[in-house]
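Because the structure is predicted, anything quoted here is derived from the model rather than measured.
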Amino acid sequence: MAAALLANTLYSLGFVLEKRALTSLPEVSIRQPARLLRLVLGSPLWIGGSLALAAGFAAQLVVYRTLPIAAAQGIFVSGLVLLVLLSARLLGEETSGRERYALGAILLALLMVVLSLREGSDTVSQDAPYPLILLVCVPSLAAGVWLYASAERRTRNRHRRPTTGVEYGVAVGLLYGVSSLAIKGVSSRLTTHGIGGAVLDLLSSPYPYLLLFTGVFGLVMSQAALQRCRASLIVPVCTTVTSLFTAVLGTLSFGEALPDEPLRLALRVAGTALAVAVLLTMPKHDTAPQPSPPAKELASP
């Protein structure tokens, strides 16, 4: 639990720092990945955010070795509250009333998932068949890339209404969902005795290669999307998709049993369904007030 809360804090802080750094950079695009990487790597603030995210990744490895997948994802969603607070404080972003209701519903879904847990009765699986993992992950990666490309085409329309970034959040969330399953797989491979045996065992699995793909593409896609949209909306959408993807497909892939008791099962299923329903009703066009850019000083005559 402590590692999950630490991961939440580090992830929220990392995303907010990256967003703050991106607002001061020239416009980036996934069509110019080398330029994007050059710009962000030249920003100390962005590097600080990425280091926070990397530390969150390390904490997530600990979580997956001690908690069932569905339980871990339920706790990770609680980071949305901290993210919204940091976005308002450090980025000047405001959420609309409808978005605040949506975030409240997501937190209610989290509470239902947490209440479905019982220490010692939930299984923490350590392995999954590789063909099943690939069957789940490869189509999901393709769907994420396709959805992101579709959103990019729509943003190039000069007459479009401002977008909230829901499509971007779903697309990146699918990639990070695959990444989350790969992290779970990596944590299971680290149980092998001896460093050499653990490394060989890890390299013979699909997990490091899935992490490499999602790391590279997820980095480029998320930074371009984060620069265009509010962190207080795109990150919650991305987090919700990642959590649902990991909790549902990860639980099935790794063979972690659902609760036997009807009440706990109902709470976990209803919490997942509520989060999906909220995601489907999120507004697609931005109506919330945006932070005003700093006024430029007038040139002296």
Side-chain angles (χ1 to χ4, degrees), residues 1-21 45-87 90 106-107 109-111 113-114 117 119 122-128 172-173 175-192 195 198-199 202 205 207-208 210-212 214-216 218-219 222-223 226 231 235-247 249-251 253-254 256 275:
M1 181 73 75
L5 295 175
L6 176 62
N8 280 346
T9 304
L10 291 168
Y11 279 138
S12 298
L13 181 62
F15 278 122
V16 168
L17 290 177
E18 286 188 350
K19 170 66 176 180
R20 192 177 178 97
L45 187 59
W46 185 91
I47 292 175
S50 64
L51 290 175
L53 291 176
F57 166 83
Q60 195 175 0
L61 280 175
V62 177
V63 174
Y64 280 145
R65 296 188 66 177
T66 54
L67 284 179
I69 291 176
Q73 294 309 310
I75 297 171
F76 287 147
V77 176
S78 66
L80 298 180
V81 176
L82 179 59
L83 175 77
V84 171
L85 293 175
L86 288 175
S87 297
L90 300 179
I106 287 175
L107 291 176
L110 159 70
L111 178 61
V113 172
V114 171
L117 303 176
E119 187 176 359
D122 290 309
T123 348
V124 181
S125 176
Q126 298 297 333
D127 204 1
V172 177
L175 262 72
Y176 284 165
V178 172
S179 179
S180 194
L181 290 189
I183 293 171
K184 167 70 175 176
V186 168
S187 70
S188 68
R189 301 270 74 77
L190 296 179
T191 57
T192 305
I195 297 178
V199 170
L202 184 60
S205 73
Y207 302 123
L210 289 173
L211 272 179
L212 179 62
T214 54
V216 173
L219 172 64
S222 64
Q223 299 311 301
L226 196 58
V235 176
V237 171
C238 176
T239 302
T240 304
V241 172
T242 299
S243 298
L244 291 173
F245 179 95
T246 311
L249 296 180
T251 297
S253 301
F254 282 87
E256 293 184 351

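- Residues passing the side-chain hydrogen bond (donor to acceptor under 3.5 Å, both in side chains) test with Y11, sequence neighbours excluded: Q60.
- Nearest heavy-atom pair, A182 versus L210, reported as atom, atom and distance to 0.1 Å: CB-CB, 4.1 Å.
- When all heavy atoms of L17 and G48 are compared, the closest pair comes out as CD1-C, 4.2 Å.
- With values rounded to the nearest 0.5 angstrom, S180 atom OG is found 12.5 Å from L175 atom CG.
- Of the inter-residue distances, the one linking L211 atom CG with S179 atom OG reads 5.0 Å to the nearest 0.5 angstrom.
- For the pair L226 and V235, the minimum side-chain heavy-atom distance is below 4.5 Å.
- Y176 places a side-chain heavy atom less than 4.5 Å from the side chain of S222.
- Judged as a side-chain contact (heavy atoms from CB on, under 4.5 Å), and not counting sequence neighbours, the contacts of L10 are L6, A55.
- Applying the side-chain contact (heavy atoms from CB on, under 4.5 Å) test to S87 and every residue at least two apart in sequence or in another chain returns V16, L83, L91, E93, A231, S232.
- Between V186 and Y207, the shortest heavy-atom distance links the atoms CG2-CB, 3.9 Å.
- Note that OG1 of T214 is 10.0 Å distant from CG of L181, once rounded to the nearest 0.5 Å.
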